[in-house]
There are 2 protein chains.
Amino acid sequence: MSRGRPKKFNNDQALHDAMLVFWRHGYRGTALDDITAALNINKPSLYAAFGGKEELFLQVIDHYRAHILAPIAKPLSECSNLKDGLRQYFRDITKVVMGKETPPGCLVACMLAEECCQTESIKAKLAGAIAESDRFFCHVFEKHKDELNPQITPEAAAVLLVSTLHGLSIRARAGASQEGIVSGASAFLKVALKQP
Amino acid sequence: MSRGRPKKFNNDQALHDAMLVFWRHGYRGTALDDITAALNINKPSLYAAFGGKEELFLQVIDHYRAHILAPIAKPLSECSNLKDGLRQYFRDITKVVMGKETPPGCLVACMLAEECCQTESIKAKLAGAIAESDRFFCHVFEKHKDELNPQITPEAAAVLLVSTLHGLSIRARAGASQEGIVSGASAFLKVALKQP
DNA sequence: TGAATTTTGTACTATTCAGTATATAATATG
DNA sequence: CATATTATATACTGAATAGTACAAAATTCA
């Protein structure tokens with residue numbers, strides 16, 4: 001064990017809990033005291049571990065992408081059949097968007113709407129996350145181009161998919177029913193894939 | 001003329017200017033001092049005319065819907081041809097979403113992402129705005145059902161359209177290029193309408 | 001055991017912000 | 001002209017908030 005008084009919290013768990021607070025209350029709507037209360041730690045500990053509010057938030061976004069988005073995306077990148085792969089993906093991602101186990105909506109989308117015009121580093125990080133989502137889905141659609149509606153390119157389909165999910169996030173944020181979210185998601189599936 | 005000292009500002013113009021401030025900086029990100037500075041009035045005047053921050057914001061949303069959204073929607077509700085009507089609508093609405101003359105994104109969508117879990121009255125007002133958009137587009141699609149992709153119902157098409165625009169708002173908020181926004185919008189048009 | 005080291009806990013500071021009290025200015029009416 | 005009335009301007013208050021100073025606690029190592 002290293003020297004000095006032992007830490008009473010785990011950095012990764014703390015990041016996860018902080019994520020949930022930001023996710024629910026937004027960046028501006030979250031006070032650092034809300035976070036220290038949720039994590040049951042003190043402010044100096046928070047600052048020592050993560051830096052100030054802005055730096056903490058940037059790390060929260062990384063955590064979100066690695067621990068919430070990536071596991072859902074992985075099966076899609078490995079699927080042999082686009083239709084089934086997307087179905088599974090939408091099942092998983094709408095569960096997140098609807099906010100049954102986590103706060104509603106996509107964290108990236110919601111925080112971007114709020115904070116984009118305020119803090120440049122946050123805008124850049126969130127914009128980067130969207131760009132990577134675009135690239136990911138574009139790659140998936142290129143790989144399965146034969147299953148795509150021939151009216152649209154893989155690039156456009158990726159933008160449409162990501163935008164649809166972000167729009168559904170807004171809707172979930174408004175308290176939309178499960179039906180509303182699912183109907184939007186399945187509408188995308190129906191029109192974006194080539195019909196047999 | 002009425003008795004007493006005359007007002008130095010016009011309520012509607014003030015609402016418009018306040019809208020622009022909220023639109024750019026968000027609800028939490030806007031200080032009342034930002035608004036009084038932009039309108040060149042004092043806080044007691046603001047309170048006398050509109051009430052506190054929350055009440056002012058609710059009126060700003062009404063103003064936005066009446067003066068930004070409604071004029072764009074009107075031609076669509078009167079068009080005889082869905083394809084051309086939607087094309088015109090997307091031309092107009094993407095101009096707003098891209099934020100050339102106004103701040104980027106849809107005000108309703110962006111403020112909902114930010115403030116939904118905080119202030120119940122604001123959430124209700126914004127959720128109501130989305131519900132009305134849904135109804136509007138659903139009505140339009142029902143009227144022109146013959147032009148719609150038969151894979152989807154008018155209800156689902158309306159949810160998909162509104163969600164797509166909200167998602168593109170997020171994207172615009174991230175600083176997306178005009179191409180990115182337009183490609184998403186035209187992708188919707190290509191897949192949502194019946195192909196000739 | 002005692003010094004060095006790292007984290008924790010408490011208390012504090014400076015700033016920002018929503019909302020208000022009070023006084024003053026400008027107009028209409030009698 | 002005097003009074004009532006309405007709006008403006010300045011200054012203030014109390015609460016919240018990001019960030020920090022400093023001392024106490026807990027651990028390792030010599």
Side-chain angles (χ1 to χ4, degrees), chain A residues 1-15 17-19 21-61 111 114-115 117-123 125, chain B residues 1-15 17-19 21-61 111 114-115 117-123 125:
Chain A
M1 201 170 184
S2 65
R3 251 164 101 139
R5 182 169 174 171
K7 277 177 73 166
K8 67 182 271 200
F9 66 98
N10 169 270
N11 267 19
D12 230 56
Q13 179 63 45
L15 225 40
D17 293 343
M19 173 186 76
V21 179
F22 278 125
W23 199 343
R24 185 166 307 280
H25 298 106
Y27 180 72
R28 309 290 263 225
T30 297
L32 284 188
D33 288 336
D34 297 335
I35 293 185
T36 56
L39 308 203
N40 195 34
I41 64 175
N42 300 292
K43 259 194 278 190
S45 300
L46 191 74
Y47 275 83
F50 303 109
K53 188 179 183 182
E54 189 177 329
E55 292 99 321
L56 169 62
F57 185 76
L58 294 175
Q59 292 169 70
V60 159
I61 297 299
M111 299 302 107
E114 170 187 354
E115 194 57 21
C117 305
Q118 310 282 341
T119 312
E120 202 50 47
S121 64
I122 293 179
K123 175 179 176 177
K125 162 90 50 182
Chain B
M1 203 170 185
S2 66
R3 252 165 101 137
R5 182 171 175 170
K7 276 176 75 165
K8 68 181 271 201
F9 68 96
N10 168 272
N11 267 20
D12 231 56
Q13 179 64 45
L15 226 40
D17 293 344
M19 174 185 74
V21 179
F22 278 126
W23 200 343
R24 185 166 305 283
H25 297 107
Y27 180 72
R28 308 291 262 231
T30 297
L32 284 186
D33 289 336
D34 296 336
I35 293 184
T36 55
L39 309 201
N40 195 33
I41 65 175
N42 301 290
K43 258 193 281 191
S45 300
L46 190 75
Y47 275 84
F50 304 109
K53 189 180 185 182
E54 188 176 330
E55 292 98 322
L56 169 63
F57 185 75
L58 294 174
Q59 292 170 70
V60 159
I61 296 299
M111 300 302 107
E114 170 186 354
E115 194 56 20
C117 305
Q118 311 280 343
T119 312
E120 202 50 46
S121 65
I122 293 179
K123 174 177 178 177
K125 162 89 51 180

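Lettering of chains follows the sequences in order, A, B, ..., and the numbering in each one begins at 1.
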In whole Å, I'd like the distance from the CG atom of A:Asn11 to the C1' atom of C:dT7.
12 Å

Less than 4.5 Å apart, any side-chain heavy atom of A:Asn40 and any of A:Phe9?
no

Mind calculating the distance between NZ (A:Lys8) and P (D:dT27) to the nearest angstrom?
13 Å

DNA chain D nearest-nucleotide lookup for A:Arg5 and B:Ile41: closer to the 5′ end is B:Ile41

What's the spacing between B:Ile35 CD1 and B:His25 NE2 if we round to 0.5 Å?
10.5 Å

Taken to the nearest 0.5 Å, the spacing of A:Thr119 OG1 from A:Met111 CE works out to 12.5 Å

How long is the line joining CZ of A:Phe9 and C1' of C:dT7, in whole Å?
9 Å

Check the distance between C:dG2's C1' and A:Arg3's CZ and give it to me in whole angstrom.
12 Å

Phosphate OP1/OP2 of C:dT7: any A:Ser45 side-chain N/O under 4.0 Å:
no

Spacing between A:Leu39 atom CG and C:dG9 atom C1', to the nearest angstrom:
16 Å

Gap between atoms CG and P, on B:Leu46 and D:dA7 respectively (whole Å)
14 Å

Assign a letter to each nucleotide of nucleotides 11-20 of chain C from its 5' end: B, base within under 4.0 Å of a protein heavy atom; S, sugar-phosphate only; -, no contact.
------SBBB

A:Lys7 has an atom NZ; how far is it from atom P of C:dT8, in whole Å?
7 Å

For A:Asn42 and D:dA24, give me the distance from atom CG to atom C1', rounded to whole Å.
12 Å

When rounded to the nearest 0.5 angstrom, what is the spacing between CD1 in A:Ile122 and CD1 in A:Ile61?
8.0 Å

Do B:Phe22 and B:Leu56 pass the side chain to side chain contact (heavy atoms under 4.5 Å, CB included) test, and can you show the C-alpha distance, the side-chain angles, and the key distance before you say yes or no?
CA-CA 10 Å; B:Phe22 278 126; B:Leu56 169 63; 4.0 Å; yes

For A:Glu54 and A:Ser121, does a side-chain donor sit closer than 3.5 Å to a side-chain acceptor?
yes

